[in-house]
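Data first, discussion second: the structure below is written as structure tokens.
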Number of protein chains: 2
Amino acid sequence: MTTPSRKSRQFALRGQEILDAALVLFQSDSWEDVTVAEIAQQAEVGKGTIYKHFASKDEIYAQLAMLFQRQILARFSIIDPQLPVIERFRQNMCAAWEVHLSSKELHRVFLYCSRSGFRSRLSPATLGEMLAIEQQIAQPTHLLIAEGVEQGIFPPKPLAKLLFGAQSAFWGAIQLVWSGYLGDIDQAEHLDDLTRFILAGLIYHDQPIDLPGRASA
Amino acid sequence: MTTPSRKSRQFALRGQEILDAALVLFQSDSWEDVTVAEIAQQAEVGKGTIYKHFASKDEIYAQLAMLFQRQILARFSIIDPQLPVIERFRQNMCAAWEVHLSSKELHRVFLYCSRSGFRSRLSPATLGEMLAIEQQIAQPTHLLIAEGVEQGIFPPKPLAKLLFGAQSAFWGAIQLVWSGYLGDIDQAEHLDDLTRFILAGLIYHDQPIDLPGRASA
DNA sequence: CATTATTGTGACCGGTGGTCATAAAGTCAA
DNA sequence: TTGACTTTATGACCACCGGTCACAATAATG
């Protein structure tokens, strides 16, 4: 039982090699043009072999995207749960941000797989797997905001509403920064600004109109 | 000069018909699978004709995306410039939101064309055209925030920083809402939440940590 | 070693975006 | 009306892609 029969271990290894080969080719800027045949060549296997390991090219993308998601999850798990809510929130964002920074290839594939156009043509099994991981990723933030509401740091609004804003801003920022529209400010500063923005959006979510004591400026 | 020679007018008309035909087919959920041959059939022209009007299939996507952008621009221009900053900001967001709501097809194509993977394979000419429109779209928000800073409504931070948060949140929200992850709340409520969130993020951008007087809740 | 089960392979297929020689249609001077 | 000439329309054709499958190679079993 602990022995997946030696042969199947080697089989699994081949699968990894194929994913690795794909990732190497995806470093190129024209990564969307990489063909299955090229992946096969890079992995030193026949093209048919690829389809013994993955049902489709999209499945390769999906597996890489899930690898990326699991990296985020792993990065979340090392955050000290004793820290105050705001600090944990900060570290949470920083963790996700860093993972996105850590591998341009995985980041790109992840974004590619996040489009609903991609998901709609994914097999139900793989789609379910992805959604499950995504739920795991969302949970820490979910709990964090709930805790913040309990402690009176965030306004007592429905969780869904608070999450919506925070998620939107983070998600949008990731895409904006990596799309290269804005090249001047560096990444770390972006994260700091984003954190400020999101925390302000959460904390002052119910009182945006009464201006703070700045009208004198 | 005012007469583009009758013939060329009909030629331009054909181009429009092709775009219209494409848009009809893009209503389908599997719109990414629509082929050039199908568009030709829908437009009642030969496939080769399509390539007399558009350099590539991507060019068709791009033209539709730009149509969408021009709709946003038109919607912006009817906002009363006399209104106070915050109200104009609200209407600005509402305008963009409504355009996104108004046509699922155009919205989808627009998102598709926003991916950097798409832009990188676009012809420099068309890309430049798109960027120009995007700059026009961004300008009202840019000016609005600058005005808000002048009036002391928003903190005196660099425009780029304030814009970054606002843009991120809006962009992310659009994608989140339309991806169908969250199905319960209706669109109008989403917009209201988002507006609150963004305004709070802007107004309180520099003082997120000193908690407001709510710790009693 | 023979038998069986599993994994690897590349020739092959349907279909796609894109091209191009040719046909059709329009324009205009005489 | 005609005929020379320019612009627009067309579908057969091409290269290439993702995906399949009959068969070869290899490993496990007895």
Side-chain angles (χ1 to χ4, degrees), chain A residues 1-22 25-26 28 30-64 109 112-113 117-118 120-123 125-126, chain B residues 3-22 25-26 28 30-64 109 112-113 117-118 120-123 125-126:
Chain A
M1 202 147 291
T2 152
T3 318
S5 80
R6 163 82 195 288
K7 192 162 187 177
S8 75
R9 264 187 306 142
Q10 288 209 338
F11 183 74
L13 226 52
R14 271 279 146 92
Q16 259 307 314
E17 282 175 14
I18 293 172
L19 290 180
D20 292 343
L25 295 178
F26 289 172
S28 160
S30 54
W31 70 279
E32 288 197 50
D33 299 331
V34 171
T35 70
V36 174
E38 285 169 339
I39 297 175
Q41 194 176 9
Q42 172 77 26
E44 295 179 77
V45 296
K47 191 168 75 149
T49 305
I50 299 233
Y51 287 92
K52 293 279 182 187
H53 290 262
F54 305 96
S56 66
K57 195 187 184 188
D58 281 345
E59 188 83 18
I60 295 179
Y61 289 133
Q63 290 300 333
L64 289 175
V109 174
Y112 183 84
C113 296
F118 176 84
S120 68
R121 65 176 187 260
L122 209 55
S123 82
T126 312
Chain B
T3 318
S5 81
R6 163 84 194 289
K7 190 161 187 177
S8 76
R9 265 188 303 142
Q10 289 209 335
F11 184 73
L13 226 51
R14 271 279 147 89
Q16 258 306 314
E17 282 174 14
I18 292 172
L19 290 179
D20 291 344
L25 295 177
F26 289 172
S28 159
S30 54
W31 70 278
E32 287 197 53
D33 299 331
V34 170
T35 69
V36 175
E38 285 170 339
I39 296 175
Q41 193 176 8
Q42 171 76 24
E44 297 179 72
V45 297
K47 190 169 77 150
T49 305
I50 300 239
Y51 287 92
K52 293 280 181 190
H53 291 262
F54 305 95
S56 66
K57 193 186 184 188
D58 282 346
E59 188 82 18
I60 296 180
Y61 290 134
Q63 290 300 333
L64 289 175
V109 174
Y112 183 84
C113 297
F118 176 84
S120 68
R121 65 177 186 258
L122 209 56
S123 83
T126 313

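As a basis for the values below, the full set of heavy atoms in this structure was taken, side chains included, without hydrogen atoms, waters or symmetry mates. Lettering follows sequence order; numbering is per chain, from 1. What you see is a predicted model, and the numbers here were worked out from it, not measured in a lab.
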Check: A/Asp33 main-chain N/O paired with A/Ser30 side-chain donor or acceptor under 3.5 Å:
no
Test of ring centre spacing under 6.0 Å for A/Tyr61 and A/Phe26:
yes
Distance-minimising heavy-atom pair for A/Ile18 and A/Ala43:
CA-CB, 4.1 Å
B/Lys47, nearest nucleotide to its side chain (from D/dA9, C/dG18, C/dG8):
C/dG18
Rounded to the Å, how far apart are B/Glu32 CD and C/dG15 P?
20 Å
When every non-hydrogen atom of A/Arg14 is compared with those of A/Val45, the smallest separation belongs to CD-CG1, 4.1 Å
Spacing of A/Glu44 atom CD relative to C/dT7 atom P, expressed in whole Å
21 Å
What's the CD-C1' distance between A/Glu17 and C/dT7, to the nearest Å?
14 Å
Of the listed nucleotides D/dG18, C/dG17, C/dG8, the one nearest the side chain of A/Thr49
C/dG8
When every non-hydrogen atom of B/Ile60 is compared with those of B/Ile50, the smallest separation belongs to CD1-CG2, 3.9 Å
Is there a donor-acceptor pair closer than 3.5 Å between any side-chain N or O of B/Ser120 and the backbone N or O of B/Gly117?
yes
Starting at CD of B/Gln10 and ending at C1' of C/dG26, how long is that distance when rounded to a whole Å?
9 Å
Rounded to the Å, how far apart are A/Phe11 CZ and C/dA5 P?
18 Å
Please name the pair of heavy atoms, one in A/Gln42 and one in A/Ala21, separated by the smallest distance, quoted to 0.1 Å.
CG-CB, 3.4 Å
Kindly check if the number of other-residue, nucleotide or ligand heavy atoms within 6.0 Å of CD (A/Gln41) is above 12?
no
Length of the line joining A/Leu13:CG and C/dT6:C1', which is rounded to integer Å
17 Å
For the pair made of CD1 in B/Ile50 and P in C/dC20, what is the distance, rounded to whole Å?
18 Å
Identify the two heavy atoms, one from A/Lys52 and one from A/Phe11, that lie closest to each other, and give their separation to 0.1 Å.
O-CZ, 3.6 Å
DNA chain C contacts made by residues 51-60 of chain A, counting heavy atoms under 4.0 Å:
A/Lys52, A/His53
Taking 4.0 Å as the cut-off, does a side-chain nitrogen or oxygen of A/Arg14 come that near to OP1 or OP2 on C/dT7?
no
Quick check on the helix from C/dC1-D/dG30 to C/dA30-D/dT1: what's the angle between its two end axes, five base pairs per end, to the nearest 10°?
10°
Just the rounded figure in Å: distance from P of D/dC16 to CD1 of A/Ile39.
18 Å
